[in-house]
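Not measured: the values here are computed from a predicted model.
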Amino acid sequence: MTTTQEAKSRGAALLDGIKASSWSSRLAVAIVAALVVLLLIQAVQDPGQFVSQLLIGITNGAIIALIALGYTLVYGIVELINFAHGDNFMIGSFVGVTVLSGTFLGLGFFAPIDAGSGAGIKIVGVILALIVAMIACGLINVGIERIAYKPLRNSPRLAVLITAIGMSFILQNLGLVWKGPSQISFPGLISDANIFAGITDAVAYRWKDLFVILVTVPLLIGLSYFIRGTRQGKAMRAVAQDKEAAAMMGINVNRTISVAFLLGGILAGASGVMFGLFNGTTVFDLGFRQGLYAFTAAVLGGIGNLTGAVVGGILIGIIGAMNDQYIGVRWTDVVIFTVLILVLVFRPRGLLGDRSAVQGGGGE
Amino acid sequence: MASPGATLKRFGLPVGLILLAFLFPLINGVTGANLMFPVIVVAVYVMLALGLNIVVGFAGLLDLGFVAFYALGAYVVGWFASSHFSDVSFRFLSALPAQSVTGRELPGIHVSFWLLLLVAGVFSGLWGVIIGAPTLRLRGDYLAVVTLGFGEIIPRFFINGDNIFGYNLTNGTVGIKGIDSPGIAFVPSRAWQQFGTLDLSPWYYTILVLVLITVFVNIRLRDSRLGRAWVAVREDETAAAAMGVNLVTTKLWAYALGAVFGGLAGAFYGAFIKSIFPSSFSFNVSVLVLCMVILGGMGNIYGVILGAIVLQGINFYLLPQLNEWVHAIGEALSNPFLAAVDLPKYNFFLFGVLLVVMMLLRPEGIIPNRQRQEELREGDEDDSATGLTNA
């Protein structure tokens, strides 16, 4: 008796909710529902393929998410679209490949680490490449901020956008001069073999995919701890919320901004090396496309919102992977940007709302 | 009313510059400078920059996908003035001879270029409204991202357009080739009856007239009711709405009018360059045009023109020239490194450095918009009064 009444009133509330909603949001729900149903049909028809594609999407998404965090950290604090960030990511992958080659500026430090090296050397090599790339990209990002953004902090916002574009050109050209215009191949250090090889062949989940997740998760936990748990993280949240009030409270605003750039650069460096090891190649104009995806991811989640960047990154990875499988690779860009536009039309501040996480987790 | 001195001051410089621009082909011919082609391309970019200036400079809506309109305009000309649609045959006021050399009727659609200019403008303007409509609720950088999304989607559509449900609409990465030259039938001169590739002056005068029309429309728009509404929206959307400015129509007009000039520039460029590829409409073009607008001084028409000329001048003239200068210096000093250094390899690097340096030296642009500049000064004083500049 009571349960049916409850169900009825809940149904009525739902109906009222639908009646009160605008046409645009009804349309949005209908579109999303239709897409989910289509995907589910595919999932039922060939579950193995669907799951494999989903896992690839999550892996790609994790790489994008790390870059997106760099955009969103910087945007949350100085409200600047750091156009050079994608190219910094590219530099990260170049640094990684250089470390693995063991040769820099014509000096051979150690023998190249490649697929033939021992397991221990491979692990040390990967960790070394990650660390060196993270440090290099972090410092490059801080340097860029010092040279090109800091002097313009009181200028029109678009002026900084132009210097960011200028720095992007500079980094891209450095990459071109450093490694040349063709694709650079990464050594295949991580096995292509399927983890589930003995159990099932339907789902493809390679050690490479696991590697990306194994690197990404600790970085995210570390970042989250840094923002929430340390003094400097608290200062960052304060500066993001109100620069002037933070300065009055004795927070060194300039240093805090530099730290944000440093963190963004570190994540981009790690992402660059992972991208190289995962995909096997890198190229000098890689930063543009990946940067665009990452920026899209940051906006999709709500720019300035750290959780949003990760959600947006993984979502873009999954959408891309699903699209590659079911519609066709050549339409992936179109689909990703269409999703972005639709999300912004229906949720003008991104999926999770902007800046709320950096500002202390409170909602809008 | 105005004294002759004031009139001279007000109109002297513009009239002088316009005269110079009209005499340029003669000067070019006499000195043998051979600058016709680059100057025409620069003029196309001036038009693009002026179009984007309406959106970014006047209305303050950051647009990162302006190349979309440029591409749309070019493809309008590509579709309707070439043999692309080979299964139909249609001619309308075209400057081309009715039959090809072999005497067969020309396949494809061939419509007069002058008509297509109008079509391209209207078509792009329409797309400006379509792209602008979803952004109306968005503010700041979200808006920029939506325009960026469209700016990526449209060229991608042209790349993939060789197979739209089996129909070849855009011929993919190969692009559309053999676009008809425009011509004016009633002019006795042969060069004008059909614009050729040897004598570029008809092209030059066409783009010059187009640029002058663009400048004129820009000036009139700036001083119009709509122009003031744009400035109001740019400075404070909420306040503007409270004063009775209709935000929706004001913003849509900015997008539409900006897009019209982008489309016109694209149509001219398509006819001039004769073959269009999706790769000529990449994100880089949007960025370059945006740099011109911001570098020249957002909202200031002369600043934007100067910005376009300076940036394209750097690209076309200074960077290649620099290479020779450095080599010459290297040879004079018998320094083997300088004599052989491959500067074009570093073009993007130098371009980036120049962008950064110019922006650091003049953050408000080469010729700042006076109104904006004053607002910025005011803002600075506010900051220093409360002691809150970033120390």
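Ring geometry for B:Phe351 versus A:Phe169: interplanar angle of 30 to 60°, hence tilted.
Contact annotation for A:Ile81: only side-chain heavy atoms (C-beta onward) come within less than 4.5 Å of a heavy atom of chain B. Using a 4.5 Å cut-off between heavy atoms, B:Ile131 does not touch chain A at all. Looking at A:Arg289, the atoms closer than 4.5 Å to chain B (heavy atoms on both sides) all sit in the side chain, from C-beta outward.
Ranked by heavy-atom pairs under 4.5 Å with chain B, the first of A:Leu161, A:Leu292, A:Thr338, A:Leu176 is A:Leu292. Comparing B:Phe150, B:Phe349, B:Phe283 by heavy-atom pairs within less than 4.5 Å of chain A, the highest count is held by B:Phe349. Between chain B and the options A:Val334, A:Ile162, A:Thr163, heavy-atom pairs under 4.5 Å are most frequent for A:Ile162. Listed options A:Val345, A:Ile147, A:Ile170 were ranked by heavy-atom pairs under 4.5 angstrom with chain B; first place goes to A:Ile170.
A:Leu340 has its side chain out of reach of B:Leu148: every pair of non-hydrogen atoms, C-beta onward, lies at least 4.5 Å apart. Within the 4.5 Å cutoff, no side-chain heavy atoms of B:Val146 are placed close to those of A:Phe337. Between A:Thr296 and B:Val145 there is no side-chain heavy-atom pair separated by less than 4.5 Å. Between B:Leu360 and A:Leu152, the closest side-chain pair of non-hydrogen atoms falls below 4.5 Å.
Here the CD1-CD1 distance, from B:Ile294 to A:Ile165, works out to 6.5 Å after rounding to the nearest 0.5 Å. Between atom CD1 of residue B:Ile159 and atom CZ of residue A:Arg330 there is a gap of 10.0 Å, rounded to the nearest 0.5 Å. The distance from atom CD of B:Glu152 to atom OH of A:Tyr293, rounded to the nearest 0.5 Å, is 9.0 Å.
B:Arg156 places no side-chain N or O within donor-acceptor distance of the main-chain N or O of A:Asp333, the cut-off being under 3.5 Å.
Across every non-hydrogen atom of A:Ile341 and B:Ile153, the tightest pair is CD1-CD1, 3.9 Å.
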